[in-house]
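A quick write-up on the structure given underneath.
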Amino acid sequence: MKLTTWNVNSIRQRLERVLTWMGRHEPDVLCLQETKVTDEDFPRAPFEERGYRVETFGQKTYNGVALIAKAPLLDVVRGLEDDTPDAPRRCIAATVEGLRVVNVYVPNGESVESEKFAFKLEWLARLERTLAAALCADRPLVLLGDFNIAPEDRDVHDPEGWRGQVLFHPLEHAALARIQARGLADLYRLHHAEAGRYTWWDYRMLAFPRNLGLRIDLILGTAGAASRCTASEIDRDERKGVKPSDHVPVTVELA
DNA sequence: ATGGTTGCACAGCAA
């Protein structure tokens, strides 16, 4: 079973690129973030025509997540525990072939001084509670998406420059550690230990050609998922060419 | 050097 996470930065701008990529890679489950479209306006048909099912949780202009899968998406849950009705739409979960898939778009946080940073930390605490409720011993689970957190020095092009800033802050690392302490391993790191493997590069400052990136798109898995994980890849080439997203797809293969 | 680019939507915000 092949699972991919991809922050597409508008599904309407990225549709052709996503469909081309899917034709080449044929993921069983594709988890999208920053779709930036309401459920009503999500371009479902091209995916359905290719044999996929589509579940979305989106809004106008900002945020938005989607699950796209070949097999049925069961027990779909939209939003986070204790989300208010007007909360940003950043989480969608479903069960696919016995695997619980939790797809998240973690708030960016803007800057450490910002109210948005406090919101990010509060959101991560509620994600931990949502996760705790979703975990059960006999069901493997993956928590994947755009975490807007680079876990370690080897995930950052300039760790000393980034340390203490948003996306690489001790309070974010503590929140991520609490989530991972629930028994979740970083599935990319099961197969790749080297530094310099990034999933996001700023559009500005020629960040991609200079490889000034961060690894902030993660796939975490319970022991039951990790033991089945035979491969993981970052598709760096998707940052190239005409109209790329600023993030690239990350894929794991589960036996 | 407080820059730079993209998306949404049509001014300025979010990333």
Side-chain angles (χ1 to χ4, degrees), chain A residues 5-21 31-43 46 56-66 79-80 83-84 86-92 103-124 127 144-151 155-158 160-169 171-172 175-176 198-218 234-250:
Chain A
T5 177
W6 196 356
N7 178 323
V8 291
N9 186 18
S10 169
I11 187 57
R12 288 182 289 195
Q13 289 300 316
R14 224 63 64 199
L15 184 60
E16 286 311 310
R17 185 179 272 266
V18 170
L19 293 172
T20 301
W21 188 91
C31 303
L32 303 179
Q33 305 90 34
E34 277 207 272
T35 53
K36 296 188 174 180
V37 69
T38 60
D39 296 340
E40 170 177 277
D41 288 339
F42 191 98
T56 62
F57 190 47
Q59 63 188 86
K60 203 161 96 79
T61 310
Y62 304 116
N63 310 311
V65 284
L80 216 58
D83 263 352
T84 55
D86 62 339
R89 297 186 165 190
R90 295 176 171 274
C91 182
I92 186 169
N103 174 22
V104 294
Y105 173 44
V106 176
N108 172 287
E110 192 183 36
S111 68
V112 176
E113 305 75 31
S114 164
E115 285 179 15
K116 291 175 191 164
F117 187 68
F119 176 74
K120 180 181 195 172
L121 297 175
E122 182 268 338
W123 197 92
L124 286 164
L127 174 59
L144 77 176
D146 176 1
F147 281 71
N148 272 313
I149 303 171
D155 302 313
V156 179
H157 67 88
D158 173 15
E160 297 321 314
W162 275 91
R163 203 178 310 283
Q165 302 206 54
V166 72
L167 310 186
F168 198 56
H169 189 281
L171 291 172
E172 296 172 347
L176 182 60
Y198 307 133
T199 65
W200 169 84
W201 299 259
D202 200 302
Y203 281 123
R204 298 164 290 185
M205 305 293 283
L206 300 172
F208 181 65
R210 297 161 69 197
N211 201 30
L212 306 181
L214 302 176
R215 190 176 69 95
I216 57 177
D217 299 271
L218 308 177
I234 295 170
D235 194 349
R236 189 178 189 281
D237 286 347
E238 277 305 317
R239 189 62 173 75
K240 301 173 181 173
V242 180
K243 287 222 310 183
S245 170
D246 45 353
H247 298 249
V248 295
V250 182

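Throughout, a chain's letter reflects where its sequence line sits, starting with A, and its residues are numbered from 1.
To the nearest 0.5 Å, the span separating CG on A:Asp202 from CG on A:Leu212 amounts to 9.0 Å. Taken to the nearest 0.5 Å, the CZ atom of A:Arg236 stands 10.0 Å off from the OH atom of A:Tyr198.
In terms of position on DNA chain B, the residue among A:Lys243 and A:Glu110 whose nearest nucleotide sits closer to the 5' end is A:Lys243. Remark on DNA chain B: of its neighbouring residues A:Asn148 and A:Met205, the 5'-side contact belongs to A:Met205, judged by nearest-heavy-atom nucleotide.
You'll find that the side chain of A:Glu34 is closest to B:dA15, out of B:dC8, B:dT6, B:dA15. Looking at the side chain of A:Tyr62, the nearest of the listed nucleotides B:dC8, B:dA14, B:dG4 is B:dA14. Considering only the side chain of A:Ser10, B:dC8 comes nearest among B:dA9, B:dT5, B:dC8. Of the candidates B:dA15, B:dC8, B:dC13, B:dA15 carries the atom nearest the A:Asn108 side chain, counting heavy atoms from C-beta on. Among the nucleotides B:dA15, B:dG7, B:dA9, the one closest to any side-chain atom of A:Arg12 is B:dA9.
Backbone-only engagement by A:Arg90 is indicated by non-hydrogen atom pairs under 4.0 Å involving sugar-phosphate atoms exclusively. A:Tyr105 comes within contact range of the sugar-phosphate backbone alone, with a heavy-atom separation under 4.0 Å but no base atom that close.
Annotation: B:dT2 and B:dG7 have their C1' atoms spaced 22 Å apart (nearest Å). Across B:dT5 and B:dA9, the matching P atoms stand 22 Å from one another, rounded to whole Å. Distance noted for atom C1' between B:dA1 and B:dG12: 24 Å (whole Å). Look at the C1' atom in both B:dC8 and B:dG3: the space between them is 23 Å, to the nearest Å. Only the P atoms considered, B:dC10 is 15 Å distant from B:dA14, to the nearest whole Å.
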A:Lys36 and A:Tyr62: CA distance, side-chain angles, deciding distance, side-chain contact (heavy atoms from CB on, under 4.5 Å) verdict: CA-CA 5 Å; A:Lys36 296 188 174 180; A:Tyr62 304 116; 5.7 Å; no

Check against side-chain contact (heavy atoms from CB on, under 4.5 Å), A:Val37 and A:Arg12: CA-CA 8 Å; A:Val37 69; A:Arg12 288 182 289 195; 3.6 Å; yes

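Residue A:Ser245 has no polar side-chain atom (N or O) positioned under 4.0 Å from OP1 or OP2 of B:dT6. Checking the phosphate oxygens (OP1, OP2) of B:dA9, a side-chain nitrogen or oxygen of A:Lys60 falls inside 4.0 Å. One finds a side-chain N or O of A:Lys116 lying less than 4.0 angstrom from the OP1 or OP2 phosphate oxygen of B:dA14. Proximity of A:Gln13 to the phosphate of B:dT6: no side-chain N or O atom is located under 4.0 Å from OP1 or OP2.
The CZ-C1' distance, from A:Phe117 to B:dA14, rounds to 17 Å in whole Å. Across the protein-nucleic acid pair, A:Asp202 atom CG and B:dT6 atom P stand 10 Å apart, rounded to whole Å. Atom CG in A:Asn7 sits roughly 12 Å away from atom C1' in B:dT6 (whole-Å rounding). Regarding A:Arg204, its CZ atom lies at a distance of 11 Å from the P atom of B:dT6, rounded to whole Å. Regarding A:Leu212, its CG atom lies at a distance of 14 Å from the C1' atom of B:dG3, rounded to whole Å. Taking atom CZ of A:Arg14 as the reference point, atom C1' of B:dG7 lies 8 Å away to the nearest angstrom. Atoms CG (A:Leu206) and C1' (B:dG4) sit 9 Å apart, rounded to a whole Å. Protein atom CZ of A:Arg210 is 13 Å distant from nucleotide atom P of B:dG4, rounded to whole Å.
For the pair A:Arg90 and A:Tyr105, the cation-pi criterion (under 6.0 Å, within 45° of the ring axis) is fulfilled.
Side-chain contact annotation: A:Gln33 with A:Asp146, donor-acceptor N/O pair under 3.5 Å absent.
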